[in-house]
K.L.:
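Below is a structure I'd like to ask you about.
FYI, the numbering just counts along the sequence from 1. Remember, it's 1-based here, ligands and their atoms both numbered in the order they're listed.
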Amino acid sequence: MLFLAVTLVMGGRGYLSFVQTVNSQREKVELDLSQLEATFHAIHQRSSNELFRLADQLRVPAENELDDGEAFAPSLISGIESIYYLSNTGTILNSSKQAGSNEYLSEKQISDAVDILRREQRPHANLSCLLQCFQSVFIPVIADDGRELIININRSATLLIQDFYEITGADIALFSVGKESDVLAVDKVFVASNAEIISSVLVGILKSRKYSSHGNHIFFDSILNGLYSARFFPLSSDGDIISYAAVLQDQSHIRALIIQALKDIVFSTVITLVLVVLLIALILKPSLNRVMRLAEVLPLLPKGRFSDAKKLNKANAKKKFSDEIDVLQYTVNEVVDSLEDMSASVSQHRDELRLKIEALTEAKLFNELILDSSPLVVVIHDRDGVIYNINKLGRELAGLSSSSPVAANINNWVKNEHSSKSLSSALANIFDSTSKKMQGEMAFFTDSGHKLYFLWTHSCLQINGESRILSMGVDITERKETAQSLYWLGQHDRITGLLNRGSFTESASEAIAKYHDSHHIELVMFDIDDFAIFNDRFGFDAGDCLLNSLAAYLMQVLPDHCLLARTGSGEFCAIIQHAKSTGQSVKDLSLESLARYIFIHNDIHEEICISIVVDCYDESLSGIDELISNSTSTMAKVKSKIKGSLYYAAESGDSSKQQRQMKYRMREQLQSALADNRLVVFYQPILDLASNSISHCECLVRMLDSEGEFISPAHFLGIAAESGLMPQLDFSVMEKAMRQQRIWEDSGIHVGLSINITAFTLEQADFEARLVDMISRTGANPARLIFEVVETDALENLSVARKLLNNFKNVGAKVALDDFGIGFTSFEYVRELPVDYIKIDQSFIRFIHERESDQILVRSMVEMSHNLGKKVIVEGVEHREAFDIVREIGVECVQGYYVCRPVPISALDLSLSIKGA
Ligand code: C2E
Ligand code: MG
Ligand code: MG
């Protein structure tokens, strides 16, 4: 700024002096030109005075002399062009003229002169250029006779010009122009001091047409390459013609002066500039050096070289007097400090970020690894089913490449096989806040065209503000197929393929309900005599073959519409109905021949005796169970007398009535046993395989009859159930068991007890209260109690079953599902029940060492139980081989005659273990 200001001042000063020079030269030129004009007028006046004097010397002729012009012609002295004598009105009276003169006195000149003379009464001088430039004087004279005359003398202006040039040294030109022109245009240059130069200059000035008719002009003539000053001034006018004079001076020296002035300006400005720059450089050098150092600091900052920057900056403690650079240095230092701090924190954050990214990457890889090695199909999709992410198993099944499954839709593979409703429309409700999770089965149709059963769990997720569905599916095809075959097995006998006892009673009940009014319904019971002996003799395979071929034979000989089932080990039952209107009965079928059956298998050729009991249904019976129960009793009686015979119970007096009387007696016996406390609890040890020790004992009731015999529960539990005595029986056993447990607890014996409870008891309204009361009264440790509920009882109604079983969980006891596998429904159903143990029914175990199919079934049941988090107890282990097999399969507990038979408390040995287990 300072630099600029000084330069401007110096430049301005130079310019001012230049302007002054120009102005002073202009003033001088103008003054010179005015003086030249004045000088010209003075010379003209002096010259006119000469002419006035000449006129005085002239004689004024008499009137007559004038009339004779020739006689009186005045003599013309040298330089005079003409002399006129005029009347006072301007009439030319006489004249004399140089020979060859082109002098011309115009009327206008004369009349103007007359007017002026009349007005001013003194001589009048005039200079005009018409045909030539002439100097004219008009002098009034009075003739001797008193007449007023006017003498006019004219002389060429050349002399005047010469005088002027000689006196002033300046050039002058006389010329005339037309009057109408508002600017000068040379009409004619008549006289010039230096004709060649002046006419060129004049023409140049006038051609430029910028010049006014009267005034000063400075003009540069490019032809003559000189600077001229000129002044125009009018002399006279005659009509339209005006005579002018122009004085001119060569002013080339002024040009030199101006150029010199310009040079001075430039020179002084340049010098000033140099001086200023030097001065500035001198003054600012130290500061500039400091600024330079600062400038070197800045590039170090992006490189993170903060300590170098601080060394270079060297900002000391704040001075008392500090300039702007000091302030800048402090500021830079502060900036360096804060940048250093920032850099440190950035690098710390960067490290933290790196660690987090590593952790996240690791977690991502881990998740991907888990997802990809997961046995589940995991899919993230939107409400339309468009897949955003899918794990390896899902890709493989859907036939998707490993690249992103853009535009793949889950509905293409996951479909409801029984309805046209797509998965996405089934999941529409999941976006409601109420149902964030949905579960269900839906088939997965793989890329290779297989149908797999999947159990899906769908949940709603929010990803980046978008609602997505996470679907996780587990392949339950194998389980489902096993379950289906188990279900079939649950309904059928595994050996013969006939209905089993459970489904037979169910179907028979339906038939009775439907046809008992219109039809004569009869039960035919077949029982192979000495079937156990047959098995012993020929082995179980042969026994199975016998059952199979007998079943086929019965199906062949019995009527098509009959209901046939295998209801016991060598026992078959058939329900045969005939319309009452036909009057037909089983008797008409001539079943006698069936009592002997020839069995041929490999090298076995054996006549098999079959005992047959036929009984008919009547209204007095409670249902099919009672009819079968009656037939069983009859069968036992028949067999004890004669085997291989056909026996019509109704005809032989072994009627239902008698059966009922038997039952009545049994009920009375049971009632008195309950009253007299003659129900005895036997204990059957359950071996824990992990510890090879007795962990529990199952409580099994026996009735002590009047003869001191222990009656098996098979004989009185049915009657107890029918006659409503079951709850009383169960509560009685529960209390006995709990008291026993308390005794063991007090003695430090940590063996639990497993108590059988029927659905009748469980459904008692006050059951929970009585359970709680009994635990507190007996002081039993509920944690060591297992309550066994028969699978079919428990599963009838899921929500009720769950609620009832929770009664045991609420008091801290455990629950076992008894006789599992017989009335099998679904493992998915079992999943929902609060069950700790699954007790696989003994019918699957007793011959497991001989039947591979039993092994396969038990293995899959155990696997599924474990998948659901349930422990497994097997009952009915009678042999070492069976024991080894179930241990290898991985069951937790074993119960059976091989470990120990049910025994009274006095005979119980809790310390027993199995050798080699
Ligand atoms: P459960 O609860 O399945 O009891 C197991 C049955 O299998 C018992 O028959 C037991 O003696 C028998 N058992 C144990 N190991 C073997 C073996 O290795 N081979 C064979 N062939 N059988 C074996 P039990 O004592 O006759 O009881 C039959 C059923 O009566 C029981 O089946 C249970 O459902 C019911 N029961 C027994 N006591 C009670 C009770 O106090 N209350 C209730 N509600 N039911 C009871
Ligand atoms: Mg049991
Ligand atoms: Mg059982």
K.L.:
Closer than 4.0 Å to some heavy atom of Val733 - which atoms of ligand 1 meet that?
P.N.:
41 (O)
K.L.:
N/O/S atom of Asn756 under 2.8 Å from the Mg ion (ligand 2), yes or no?
P.N.:
yes
K.L.:
Would you say atom 29 (C) of ligand 1 touches the protein, meaning some protein heavy atom is under 4.0 Å from it?
P.N.:
no
K.L.:
What N, O or S atom of Glu788 is found closest to the Mg ion (ligand 2)?
P.N.:
OE1
K.L.:
Assert yes or no for the condition that the ring centre distance of Phe808 to Phe767 is strictly below 6.0 Å.
P.N.:
yes
K.L.:
Taking the six-membered ring of Phe710, is NZ or CZ of Arg702 closer than 6.0 Å to its centre and within 45° of its axis?
P.N.:
no
K.L.:
How is the N/O/S atom of Glu698 that comes nearest to the Mg ion (ligand 2) named?
P.N.:
OE2
K.L.:
Between Arg901 and ligand 1, find which residue part has any heavy-atom pair under 4.0 Å and reply side chain, backbone, both or neither.
P.N.:
neither
K.L.:
At less than 4.0 angstrom from any non-hydrogen atom of Glu875, what atoms of ligand 1 do you find?
P.N.:
3 (O)
K.L.:
Indicate whether atom 36 (N) of ligand 1 is within a distance of less than 4.0 angstrom of some protein heavy atom.
P.N.:
yes
K.L.:
To the nearest 10 degrees, could you say what angle the Mg ion (ligand 3) makes with OE1 of Glu875 and OD1 of Asp819?
P.N.:
140°
K.L.:
The Mg ion (ligand 2) is nearest to which N, O or S atom of Asp818?
P.N.:
OD2
K.L.:
Using a 4.0 Å heavy-atom threshold (strictly under), name the region of Val877 that reaches ligand 1: side chain, backbone, both or neither.
P.N.:
backbone
K.L.:
Does only the side chain of Asp730 get under 4.0 Å from ligand 1, or the backbone, or both, or neither? Count heavy atoms.
P.N.:
side chain
K.L.:
When you look for heavy atoms under 4.0 Å from ligand 1, do you find them on the side chain of Gln842, its backbone, both, or neither?
P.N.:
side chain
K.L.:
So, for atom 9 (O) of ligand 1, does the protein have a heavy atom nearer than 4.0 Å?
P.N.:
no
